Amino acid sequence: MRGTPGEADAAWQGGSVALVELGRRFTAVRLSADIVHAAAGSDEHTGVSDALAEALDGGPVICDPWGRRYYALTPVRTLTSWRQSRGAACLGHATWLGIPRPSDVAPTGARFSYWIVPVSSVGRVCDPARVAAVVARGHEHLYQAHLDHTSQCPDCNDLSTRCRIGERMRHAVREAQS
């Protein structure tokens, strides 16, 4: 399936996502939930939705709660300019993305993808510079939260013990920086 409108409609009517090949009409920047939640200052649906809608000027974003990832739809030209990292990678040619029905704008509890920032018009995508700013803000907030936690946590300052929160934060910072 190439993701034609007819194929998309058939998939959506069947209760599935429509598989669309990236790199033809648009690309997607895959963002880790840690980066998005740090940038948004929230991991709640409404907080993340509002923060992304504002930061990306209403550009469309898919949430994949099962994979703990977000996908900001971007122009095809993003492939040539995006700085890849493990926490934010631009996906293009030979990559397929499950596109939710336009009406799927909230989590259903079934672990299916949905639009955390819905498509406002056909062909509308996110400005890659705005997506990069979200990533930078997420990195900054993750790093600062890690510093704040480790400076105050006795277990993080004792090399013989491990704090689970500190370990998770260290992992998120490493993921975001690589």
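Because the structure is a prediction, the values reported are computed rather than measured. Only this structure's heavy atoms are used, side chains among them; waters, hydrogens and symmetry mates stay out.
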Is it the case that the side chain of [X] and the backbone of [Y] share a donor-acceptor pair, with hydrogens and angles ignored and the cut-off at 3.5 Å?
X	Y	answer
Trp115	Cys63	no
Thr27	Pro75	yes
Thr95	Leu91	no

Among Thr74, Leu73, Val131, Val125, side-chain contact (heavy atoms from CB on, under 4.5 Å) partner for Leu56: Val131
Passes side chain to side chain contact (heavy atoms under 4.5 Å, CB included), Ile99 versus Val17? Steps please. CA-CA 5 Å; Ile99 305 293; Val17 295; 5.8 Å; no
Any non-hydrogen side-chain atom of [X] less than 4.5 Å from a side-chain atom of [Y]?
X	Y	result
Arg124	Asp57	yes
Trp12	Pro102	yes
His93	Leu79	yes
Pro60	Ser120	no
Pro65	Pro107	no

Going by side-chain hydrogen bond (donor to acceptor under 3.5 Å, both in side chains), name the residues that satisfy it together with Arg101, two or more places apart in sequence or in a different chain. Asp104
Closest non-hydrogen atom pair, [X] against [Y]:
X	Y	result
Leu142	Ala38	CG-CB, 3.7 Å
Gly47	Ala40	O-CB, 4.3 Å
Ser42	Val48	O-CG2, 3.2 Å
Ala88	Val135	CB-CG2, 3.7 Å
Arg30	Arg69	CD-CD, 3.2 Å
Arg77	Pro128	NH1-CG, 3.7 Å

Which is it for Ile116 and Leu52 under the side chain to side chain contact (heavy atoms under 4.5 Å, CB included) test, yes or no, and what are the steps along the way? CA-CA 8 Å; Ile116 189 126; Leu52 286 177; 4.0 Å; yes
Decide yes or no on side chain to side chain contact (heavy atoms under 4.5 Å, CB included) for Leu97 and Val20, but give the supporting numbers first. CA-CA 5 Å; Leu97 182 63; Val20 174; 5.6 Å; no
Applying ring-ring contact (aromatic ring centres under 6.0 Å, His included), name anything that partners Tyr114, two or more places apart in sequence or on another chain. His45
Can you list everything that forms a ring-ring contact (aromatic ring centres under 6.0 Å, His included) with His141? Sequence neighbours excluded, please. none
Got a second to check how far Ser113's OG is from Trp66's CH2, nearest 0.5 Å? 12.0 Å
Between Arg137 and Glu140, does any side-chain N to carboxylate O distance fall below 4.0 Å? no
Strictly below 4.0 Å, N to O, side chains only: are Asp34 and Arg68 in salt-bridge contact? yes
If hydrophobic clusters are built from ILVMFWY residues whose side chains come within less than 4.5 Å, do Val76 and Trp96 share one? no
Kindly indicate, with the supporting measurements, whether the criterion side chain to side chain contact (heavy atoms under 4.5 Å, CB included) is fulfilled by Trp82 and Val29. CA-CA 9 Å; Trp82 189 258; Val29 176; 3.5 Å; yes
With no hydrogens and no angle check, just 3.5 Å: does a side-chain donor-acceptor pair link Asp148 and Gln152? no
